[in-house]
Amino acid sequence: MTAARDTEGQPTHPPLPAKLAAHPSVRAVLARRAAGDVASPPAVIDAAWLRELCLAAGADDAAAVSLNHPDLAGEREHAQSALPGTRTLIAMAFRMNRDNCRSPARSVANQEFHQTDEQANHAARSVTQALQDAGYRALNPSVGFPQEMDRFPSERIWVVAHKTVAVAAGLGVMGLHRNVIHPKFGSFILLVTVLVDAEVSEYGQALDYNPCIDCKLCVAACPVGAIAKDGAFDALACTTHNYREFMSGFTDWAQTVADSEDAADYRSRVTDSESASMWQSLTSPPGYKSGYCLAVCPGGEDVLGPYLDDRKTFMDTVLRPLQNKKETLYVLPGSHAQEYAQRRFPHKPVKEVTGGWQPPAKRSAGTDRETRTS
């Protein structure tokens, strides 16, 4: 059924109740309509205008992709739930400073991650507001956290899979390390997506090549063996260590606190540096323990030069400092990650944790509270 229209083709609306029609705000809206001051936005958003809008907001690259793209079949239900009527997803990429991300001082790398994350969220909000002001409905999910934690653990907690959208829009290709590699900026990007209820005049096209050069440095850098040479990926090993101070690791830590008999018992389980690090992640944005796979990746035209010029120097200055750093590696008991870490990085202490996936087993008072190898 189509809406009724007047003699000039404009949609007509059912009469309003007298009390509502007399309200000053209602009268103002109706007066603007009668004067022709309210114009409908173009049915199709101009792609050049949209890209310039994204770049002006701070994005380093941007492209749109239709929600009907075959590679986004798994996103449609989630996108429509977040913004009913969504027709297009706008992917934006934001560069990070490479040497910050590569630093063995994780406070430096984490600050870079979070500052770029903040920049991306602000830019996406700005683009969303501009689309709204132009007459469209638009929405910008968070780059990362906060997410829909009330869905955990039975459903996915993210609103939109930014990496999946970015690849479909042509901003890069997923690498072995499960990060998107941009053809120019390489792995040193963060991604954000804006949903909008209109089509765009031109959509991005998937890359016809992979910026990954198959160097396997991400395999060599991962301290818990989460990345395999054949492309296999152990997500549980990655999250248990790298996300130690995010949701799952915090849950494990909280369970340790609850299970401790007193302060002395707690300190036999958790070192002072671990307590301080957890405090920092609770008072500041949480810190990633690794991210080394991204740090060592030489893919991308802006990044590749030093690796091509002198691969040995590249590995000595980028890869080796991360491999040689003495740091605690968090693993699940009896896991491949535990065996790999002990064998490949004997100088890094290894600590068994539950990862927050299940409550810790009850232990007797005389049992050693912490399992370490070095």
Side-chain angles (χ1 to χ4, degrees), residues 106 110 144-145 147 149 151-158 176-179 218-260 265-282 286-295 322-323 325-364 366-374:
R106 299 320 290 163
N110 280 311
F145 294 94
Q147 297 185 355
M149 302 312 298
R151 300 176 183 172
F152 179 83
S154 59
E155 302 176 50
R156 80 179 204 178
I157 59 176
W158 52 95
L176 280 178
H177 52 8
R178 300 315 190 268
N179 294 299
C218 58
V219 178
C222 181
V224 291
I227 310 168
K229 292 181 179 180
D230 63 2
F233 184 72
D234 187 344
L236 193 56
C238 175
T239 55
T240 299
H241 174 65
N242 193 33
Y243 283 72
R244 175 62 187 165
E245 291 173 1
F246 286 76
M247 175 195 63
S248 59
F250 168 79
T251 301
D252 177 78
W253 173 78
Q255 291 169 349
T256 300
V257 173
D259 199 40
S260 298
D265 186 21
Y266 168 79
R267 295 184 75 168
S268 74
R269 302 167 184 244
V270 183
T271 67
D272 289 347
S273 65
E274 287 176 312
S275 292
S277 187
M278 185 62 73
W279 165 82
Q280 180 171 262
S281 282
L282 292 172
Y288 299 89
K289 288 297 184 183
S290 182
Y292 298 166
C293 55
L294 179 154
L322 300 176
Q323 289 181 319
K325 180 180 179 179
K326 186 174 181 180
E327 60 189 326
T328 300
L329 305 180
Y330 297 92
V331 299
L332 298 177
S335 63
H336 167 72
Q338 183 177 40
E339 182 277 327
Y340 180 92
Q342 292 172 344
R343 171 173 51 83
R344 184 68 182 82
F345 298 103
H347 61 288
K348 295 178 185 278
V350 176
K351 183 170 185 176
E352 292 182 357
V353 296
T354 70
W357 309 115
Q358 59 184 10
K362 292 292 184 180
R363 309 183 188 191
S364 63
T367 302
D368 182 16
R369 308 300 185 181
E370 181 178 296
T371 302
R372 287 181 178 271
T373 60
S374 59

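What's counted below: heavy atoms across the whole structure, side chains too, no hydrogens, waters or symmetry copies.
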Query raised in the report: Quick one: are Met278 and Val270 in side-chain contact, heavy atoms under 4.5 Å?
Result: no

Query raised in the report: Ignoring hydrogens and geometry, is there a side-chain-to-backbone donor-acceptor pair from His347 to Gln323 under 3.5 Å?
Result: yes

Report task. Verify, without hydrogens or angle tests, whether Arg344 (side chain) and Gln342 (backbone) share a donor-acceptor contact under 3.5 angstrom. Result -> no

Report summary line: Rounded to the nearest 0.5 Å, the CD atom of Glu352 sits from the OG atom of Ser335 at a distance of 8.0 Å

Requested in this report: Provide the closest heavy-atom pair for Gln255 versus Thr354 in the form atom of the first, atom of the second, distance.
Outcome: OE1-OG1, 3.8 Å

Report task. Could I get the full list of side chain to side chain donor-acceptor pair (under 3.5 Å) partners for His241, not counting sequence neighbours? Result -> none

Report summary line: Between Arg269 and Thr256, the two heavy atoms sitting closest are CD-CG2, 3.6 Å

Query raised in the report: For the atom pair CG (Leu322) and OG (Ser290), what is the distance rounded to the nearest 0.5 Å?
Result: 7.5 Å

Report task. Might you point out which heavy atoms bring Phe345 and Ala220 nearest each other, and give the distance in Å? Result -> CZ-O, 3.9 Å

Query - Contact summary for Pro349 and Lys326, nearest pair of heavy atoms - result: CD-CG, 4.0 Å

Query raised in the report: Does Gln338 reach the main-chain N or O of Gly334 with its side chain, forming a donor-acceptor pair under 3.5 Å?
Result: yes

Solution key, residues 243-250 side-chain donor-acceptor pairs under 3.5 Å, sequence neighbours excluded:
residue	atom	partner	partner atom	Å
Arg244	NH1	Asp252	OD2	2.9
Arg244	NH2	Asp252	OD2	2.9
Glu245	OE1	Ser277	OG	3.2
Glu245	OE1	Ser281	OG	2.6
Glu245	OE2	Ser277	OG	2.4
Glu245	OE2	Lys289	NZ	2.9

Query raised in the report: Would Lys351 and Glu274 count as a salt bridge (Lys or Arg N to Asp or Glu O under 4.0 Å) if you check the C-alpha gap in whole Å, the side-chain angles of each, and the deciding distance to 0.1 Å?
Result: CA-CA 11 Å; Lys351 183 170 185 176; Glu274 287 176 312; 2.9 Å; yes

Query raised in the report: Do any N or O atoms from the side chain of Asn110 and from the backbone of Arg106 form a donor-acceptor pair under 3.5 angstrom?
Result: yes

Query raised in the report: Rounded to the nearest 0.5 Å, how far does CG of Leu294 lie from NE2 of His177?
Result: 6.0 Å

Report task. With rounding to the nearest 0.5 Å, note down the distance linking CD in Gln280 to OG in Ser273. Result -> 11.5 Å

Report task. Locate the shortest heavy-atom distance separating Leu176 from Cys218; write the atom from each residue and the value. Result -> CB-SG, 3.9 Å

Query raised in the report: Is a side-chain N or O of Asn242 found less than 3.5 angstrom from the main chain of Tyr288, in a donor-acceptor match?
Result: no

Let me check something: any side-chain donor-acceptor pairs from residues 223-240 under 3.5 Å, sequence neighbours excluded? List them with distances.
residue	atom	partner	partner atom	Å
Asp230	OD1	Ala232	N	3.0
Asp234	OD1	Leu236	N	3.3
Asp234	OD1	Ala237	N	3.1
Thr239	OG1	Ala235	O	3.0
Thr239	OG1	Leu236	O	3.2
Thr240	OG1	Leu236	O	2.7

